[in-house]
Amino acid sequence: MENFYLVLAYLLIGMLLRRLPAMPENSGLVLNIYVLYVALPALILKNITLLEFSLALLIPAVTPWLLLLIVVAVVLILSRLLGWSREVTGALLVVLPLGNTSFLGFPMTEALFGQTAMPYAVVYDQVGSFIALATYVTIVAAIYSPTMAKPTPKAILLKIIAFPSFIALVVGLLIRDISMPPLANALINNLAATLVPVVMIAVGFQLSFRFSKSEVSPLISALSIKLLLMPFAAWLIWTTLGQEGLAVQISIFQAAMPPMISAGAIAIMAGLAPRLVSGIIGFGILAGLVSLPIVFWLLQHAQ
């Protein structure tokens with residue numbers, strides 16, 4: 001739970017910094033640029049070495065990808081029904097499928113379920129969240145970014161290849177079995193550790209409690225999908241298939257995490273409804289204070 005409160009502290013710092021006259025208006029953008037080009041690639045390089053595939057861990061490995069398909073379908077349907085703009089649709093497609101499954105997910109899983117549950121949480125995060133972050137999120141951000149007036153296959157491909165997170169994934173896979181010098185490891189670890197503080201300060205700096213009428217609908221829909229629909233969908237999938245046990249519980253619990261901070265940073269940098277995305281990340285964390293304990297309680301009493 002300590003990391004959860006640290007996130008709230010970073011969020012508050014960002015909100016307070018916004019009130020300082022000395023802080024430039026584009027401070028949030030500058031912080032997000034640092035995260036996108038430095039901290040996020042470092043985090044991917046740090047975690048890619050932890051990937052280990054095992055049939056025993058198939059449930060948490062498959063769950064995030066199944067949920068991704070469901071969320072994409074739901075967002076596209078709601079976008080058409082509610083008349084969301086292309087920018088808002090792209091923002092939700094980037095932010096909603098992935099949860100904060102490491103910085104919040106790991107400590108909360110260990111605190112509530114115990115150390116024996118951690119392998120399932122790690123697989124959910126590494127096989128699902130981080131690979132999707134560097135592939136799916138990269139593709140969607142490139143397609144929906146308003147900076148691309150008429151996306152062509154060539155332009156999309158070039159933007160994907162040029163995305164720092166995608167480059168980090170490729171490099172990480174290539175050097176996965178190579179022993180890195182201690183100094184290089186220390187540098188990567190230290191830079192990766194700056195991601196959450198910097199991003200959350202940037203989110204707090206940009207967080208607004210004032211939304212236009214057109215943003216209220218996607219904000220409420222986003223929080224409902226991420227905090228309610230996704231854990232329910234994970235529960236429904238595995239109970240329908242007759243699966244139970246700790247692997248299923250952790251998959252459901254990880255699915256209930258608030259939106260991933262890194263995905264939010266990419267959406268903001270791609271120009272996809274920055275104010276809305278900041279609100280989804282910020283309000284998602286605050287709502288998670290209530291929703292996550294409820295999900296844990298439900299899982300314990302569903303036995």
Side-chain angles (χ1 to χ4, degrees), residues 1 3-19 27-29 31-32 35 67 71 74-75 78-79 82 84-85 87-105 107-108 129 133 137 195-233 253-296:
M1 291 298 291
N3 282 352
F4 205 99
Y5 297 125
L6 285 175
V7 166
L8 294 179
Y10 300 143
L11 191 66
L12 179 60
I13 290 172
M15 295 172 66
L16 293 175
L17 286 176
R18 186 176 183 177
R19 297 179 175 273
S27 295
L29 178 62
L31 293 173
N32 281 316
V35 168
L67 294 179
V71 170
V74 171
V75 169
L78 288 178
S79 175
L82 300 177
W84 293 340
S85 67
E87 179 183 345
V88 167
T89 302
L92 297 191
L93 287 173
V94 169
V95 173
L96 292 189
L98 306 182
N100 205 328
T101 51
S102 56
F103 190 78
L104 293 180
M108 292 196 70
S129 298
L133 178 68
V137 167
L195 184 140
V196 172
V198 174
V199 169
M200 286 313 303
I201 289 174
V203 168
F205 190 88
Q206 299 171 95
L207 182 60
S208 174
F209 294 97
R210 297 178 180 178
F211 297 94
S212 64
K213 290 183 179 180
S214 63
E215 292 174 322
V216 173
S217 169
L219 176 64
I220 295 175
S221 299
L223 295 180
S224 300
I225 291 171
K226 187 68 199 77
L227 301 177
L228 300 176
L229 176 62
M230 288 185 66
F232 175 75
F253 190 67
Q254 286 284 63
M257 289 294 149
M260 180 188 280
I261 298 170
S262 304
I266 291 178
I268 292 172
M269 283 304 304
L272 298 174
R275 184 173 61 181
L276 175 62
V277 169
S278 295
I280 292 172
I281 298 296
F283 283 116
I285 291 173
L286 296 175
L289 283 172
V290 177
S291 64
L292 287 172
I294 292 175
V295 171
F296 172 73

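Keep in mind the model is a prediction, meaning the values are calculated, not measured.
Residues Ala255 and Pro231 approach most closely at O-CD, 3.9 Å, considering heavy atoms. Closest approach of Val95 to Pro259, counting heavy atoms only: CG1-CB, 3.6 Å. Heavy atoms only, all atoms of each residue included: Leu96 and Met230 are closest at O-SD, 3.4 Å. Between Trp84 and Val75, the shortest heavy-atom contact is CZ3-O, 4.1 Å. Of all heavy-atom pairs spanning Ala267 and Val94, the tightest one is CB-CG1, 3.8 Å. Considering every non-hydrogen atom in both Lys226 and Gly99, the closest pair reads CE-CA, 3.6 Å.
Distance CD1/Ile201 to CG/Leu17: 6.5 Å, rounded to 0.5 Å. The distance from the CD1 atom of Ile268 to the CG atom of Leu31 is 10.5 Å, given to the nearest 0.5 Å. Rounding to the nearest 0.5 Å gives a distance of 12.5 Å between CG of Leu11 and CG of Leu6. Here the CG-CD1 distance, from Leu227 to Ile294, works out to 10.5 Å after rounding to the nearest 0.5 Å. To the nearest 0.5 Å, atoms CD (Gln254) and OG1 (Thr101) are separated by 5.0 Å.
Under the side chain to side chain contact (heavy atoms under 4.5 Å, CB included) criterion, Ser27 pairs with Met23, Pro24, Phe205, not counting sequence neighbours. In terms of the ring pair (Phe, Tyr, Trp, His ring centres under 6.0 Å) criterion, residue partners of Phe253 (sequence neighbours excluded) are, by chain and number, Phe113. Here Ile220 pairs with Val216, Ser224 under the side chain to side chain contact (heavy atoms under 4.5 Å, CB included) rule; sequence neighbours left out. Residues that satisfy the salt bridge (charged side-chain N to carboxylate O under 4.0 Å, His left out) test with Arg275, not counting sequence neighbours, are Glu215. Contacts of Ser214 classified as side chain to side chain contact (heavy atoms under 4.5 Å, CB included), with partners at least two apart in sequence or in another chain: Ser212.
At least one side-chain heavy atom of Ser129 sits less than 4.5 Å from a side-chain heavy atom of Met260. The shortest side-chain heavy-atom distance between Leu292 and Met108 falls under the 4.5 Å cut-off. Contact check for Pro218 versus Leu92: side-chain heavy atoms found under the 4.5 Å cut-off. The shortest distance between side-chain heavy atoms of Leu133 and Leu98 falls below 4.5 Å. Within the 4.5 Å cutoff, the side chain of Pro97 has no heavy atoms near those of the Leu67 side chain.
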> After noting the C-alpha distance and the side-chain angles of Val74 and Ile225, does the key distance pass the side chain to side chain contact (heavy atoms under 4.5 Å, CB included) rule?
Replying inline: CA-CA 8 Å; Val74 171; Ile225 291 171; 3.8 Å; yes
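The closest donor-acceptor contact from the side chain of Ser221 to the backbone of Ser217 lies under 3.5 Å. Without hydrogens or angle criteria, Glu87 side chain to Leu272 main chain gives no donor-acceptor distance under 3.5 Å.
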Would you be so kind as to tabulate the donor-acceptor pairs closer than 3.5 Å made by side chains of residues 278-291, with sequence neighbours excluded?
{"from": "Ser278", "atom 1": "OG", "to": "Pro274", "atom 2": "O", "distance (Å)": "3.1"}
{"from": "Ser291", "atom 1": "OG", "to": "Ala287", "atom 2": "O", "distance (Å)": "3.4"}

